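To keep things clear, I will list the structure first and then write my remarks on it.
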Amino acid sequence: TQLLEQSPQFLSIQEGENLTVYCNSSSVFSSLQWYRQEPGEGPVLLVTVVTGGEVKKLKRLTFQFGDARKDSSLHITAAQPGDTGLYLCAGVNSGNTPLVFGKGTRLSVIA
Amino acid sequence: DAGVTQSPTHLIKTRGQHVTLRCSPISGHKSVSWYQQVLGQGPQFIFQYYEKEERGRGNFPDRFSARQFPNYSSELNVNALLLGDSALYLCASSLKTSVNTGELFFGEGSRLTVL
């Protein structure tokens with residue numbers, strides 16, 4: 001069974017601080033997705049990283065896929081209260097196998 | 001344009017009862033997937049349907065079943081409810097046919113509480 005371990009599980013920071021959350025696995029994925037889920041809503045796709053070592057930026061969010069395609073990180077610069085939510089990573093396999101989700105990192109940004 | 005819509009948004013059942021959850025995909029999306037998200041966990045894959053055919057099934061007991069209708073809407077049925085079935089049930093639609101689809105669009109979910 002493929003597992004994605006996300007850390008930290010919970011993170012509470014002040015507005016303006018920087019943070020990094022991690023998504024690690026012992027398995028190789030063909031690509032990896034990051035979602036954000038706000039209370040009372042479903043997850044919303046933020047980005048898909050495909051190539052080992054790939055870096056993608058989405059405004060203040062920087063996503064990196066590990067060289068071996070087993071891990072990924074999400075870095076947020078100058079966090080805002082609107083960044084509050086549950087950040088989920090999901091591994092994508094080749095073939096007809098479903099997405100594997102991590103348990104998520106619950107981020108709280110305090111104004 | 002309307003996103004993925006799910007109903008009901010909240011419901012409470014007792015052990016042994018059955019429940020039917022409904023999902024309407026984004027217009028033009030022919031694939032619907034169902035996920036279970038238990039508190040404190042990430043979503044777990046239950047089913048995927050495309051063109052009314054089951055294309056994938058997760059590690060869930062036979063008490064869980066689903067179907068897709070000609071208009072691509074879908075129902076998830078759970079029989080003989082257990083306390084452990086309490087969760088947020090998420091429906092996601094997509095354009096692609098395979099379960100490891102490129103992008104999933106999730107609804108807000110149906111929160112089921114089993115007492």
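Computation of the quantities below employed the complete heavy-atom set of this structure, encompassing side-chain atoms and omitting hydrogens, waters and symmetry-equivalent molecules. Note that the structure is a prediction, hence the values are computed from the model and not measured. A note on names: the letters A, B, ... follow the listed sequences, proteins ahead of strands, and every chain is numbered from 1.
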Measuring centre to centre across the rings, with the benzene-like ring taken for any Trp, is A:F101 within less than 6.0 Å of B:Y35?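 Yes, the ring centres sit under 6.0 Å apart.
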Check whether A:Q37 gets within reach of chain B through its side chain, its backbone, both or neither, counting any heavy atom under 4.5 Å.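 A:Q37 touches chain B through side-chain heavy atoms alone.
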Under 4.5 Å from a heavy atom of chain B, the part of A:L4 involved: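 Neither the backbone nor the side chain of A:L4 comes within 4.5 Å of chain B.
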Check the side chains of B:E103 and A:Q33 for a donor-acceptor pair under 3.5 angstrom, ignoring hydrogens and angles.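 Per modelled atom types, A:Q33 and B:E103 side chains form no pair under 3.5 Å.
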If you draw a 6.0 Å radius around CG in B:L39, do more than 12 non-hydrogen atoms from other residues or ligands fall strictly inside?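 Atom CG in B:L39 is not crowded, with 12 or fewer foreign heavy atoms closer than 6.0 Å.
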Consider only side-chain heavy atoms of I, L, V, M, F, W and Y, link residues closer than 4.5 Å, and tell whether [X] and [Y] are in one cluster.
X      : Y     : answer
B:L81  : B:L21 : yes
A:V109 : A:L11 : yes
A:L32  : A:Y87 : yes
A:V21  : A:V47 : yes

Calculate, to the nearest 0.5 Å, the distance between atoms CG and CG belonging to A:L45 and B:L104 respectively.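 Atom-to-atom, A:L45:CG and B:L104:CG are 8.0 Å apart.
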Any chance you could measure B:Q41, atom CD, to A:K103, atom NZ, to the nearest 0.5 Å?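 Answer rounded to 0.5 Å: 4.5 Å.
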Of all the heavy-atom pairs spanning B:P43 and A:L88, show the shortest one and how long it is.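 Smallest interatomic distance, heavy atoms only, reads CD-CD1, 3.9 Å.
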Interface residue of largest heavy-atom contact number with chain B, from A:S31, A:G40, A:G91, A:P43, under 4.5 Å: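 The residue among A:S31, A:G40, A:G91, A:P43 with the greatest pair count is A:P43.
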Side chain / backbone / both / neither for B:Q6 at chain A, heavy atoms under 4.5 Å: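 Answer is neither: B:Q6 stays 4.5 Å or more from chain A.
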If you tally heavy-atom pairs under 4.5 Å against chain A, which of B:Q44, B:R111, B:Q37 wins?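 The answer is B:Q37.
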